[in-house]
Amino acid sequence: MLPNQDEILAVLENCSTEAELKEFFVQYLGKKWSVNGLFKQMKDLSPEQRKTAGQEIKMLHDTIQTAFFAKQDEIKKAYWDEKLKEEIVDISTPANTLPRGYANLQNLLRRNVENLFQWMWFHIEYGKDLVSIQENFEHVNIPANHPATEMHDTLYIKDETHPKSKVLRTHTSAHQVELIKKYWPSCKFIVPGKVYRNESMDASHDVVFWQVEWVVIGKWITMKHFKHTMEEVLKGILETDSIELRMRPAYFPFVEPGVEIDAKAEVGGKEKWLEILWAGMIHPVVLENAGLDPKEYSGFAFGLWMTRMVALRYGLGDIRLLTNGDLRFLHSFPEATTI
Ligand code: PHE
């Protein structure tokens, strides 16, 4: 006697969760299920009866199985419909974007300066922040105990050989001799980078600031080339023709003659002459240190106070704004997004 198909389908119809479906499956379609058990009972039937009974059981099984899969789909669909209603994803809402990075204005200007010099076929070198005493002082004609080292008071690093073996470079001139040797005879290079001094900090001084050194050496290099380069570079950096400059004689052991160049600018609300550039014709001793004959060759070196140039170019009243980490400051310069 076959179980009643309608009764079984009615049980299926009543299932509304995955768990109930599972139970139904075990009971009616699994290994131990009632319909399956029917096949076992067939062994008592005659071969003739077995054939028709087999077909009927198979049809019953297939009907229940088809209905089962249909019900399973229905329950799954209902489950997902419900879930999707709860977890609606609005693809038109703007995505969470990462905040945009900004270049520090010093880096921005450094890149401008590098471009400018690349146009004039200068090599670019960054040197290193920690240099030897020889590089920082002796190579550029400042004997280790010379009073001029005091102007460059800074942080020394000791090692086994000496209590003051290395120094955080106080100027980018520390790389002059090494780079003159490296690039000779194509001797035009710049060194942009940070330098370190023992300074009292105020609106226009910091213990760490940026310089750009530029050096040209060759035959017949004179003050005329010197002046021309200076004007071109300053006009290029400040993007203006109307910058008011003042040149004063100055002493640096590695140039002869040496000059200090000031620009007129507004600082802390007042008009002031700001020292922005140092320069001079390279001292014969420095040329000799680099293996060149000063009677045959000459050249000039400049040291630009980059941090102050940044202040001039962007009209900052206080250079500490550049390093105090206040993002609102950088965010007020849209060009700083050109990373
Ligand atoms: N290196 C000097 C300083 O930082 C500046 C300078 C550079 C002067 C090149 C002359 C020539 O004090």
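When a ligand or atom number is given, it counts from 1 through the structure's own listing order. Please read all numbers here as calculations on a predicted model, not as lab measurements.
- At least one side-chain heavy atom of Glu135 sits under 4.5 Å from a side-chain heavy atom of Glu178.
- Between Glu87 and Lys83 there is a salt bridge, since at least one side-chain N of the basic residue sits less than 4.0 Å from a carboxylate O of the acidic one.
- Centroid-to-centroid, the aromatic rings of Phe254 and His171 come within less than 6.0 Å.
- Classification of Glu213 and Arg169 as a salt-bridged pair fails, no side-chain N sitting under 4.0 Å from a carboxylate O.
- To the nearest 0.5 Å, atom CD1 of residue Ile237 and atom CG of residue Leu312 are 10.0 Å apart.
- Outside the 6.0 Å centre-distance limit, the rings of Phe333 and Tyr102 are not counted as a close aromatic pair.
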Quick one: ligand 1 N/O to protein N/O pairs below 3.5 Å?
residue, atom, partner, partner atom, Å
ligand 1, 1 (N), His171, ND1, 2.9
ligand 1, 1 (N), Ser173, OG, 2.8
ligand 1, 4 (O), Arg197, NH2, 2.8
ligand 1, 4 (O), Gln211, NE2, 2.9
ligand 1, 12 (O), Arg197, NH2, 3.3

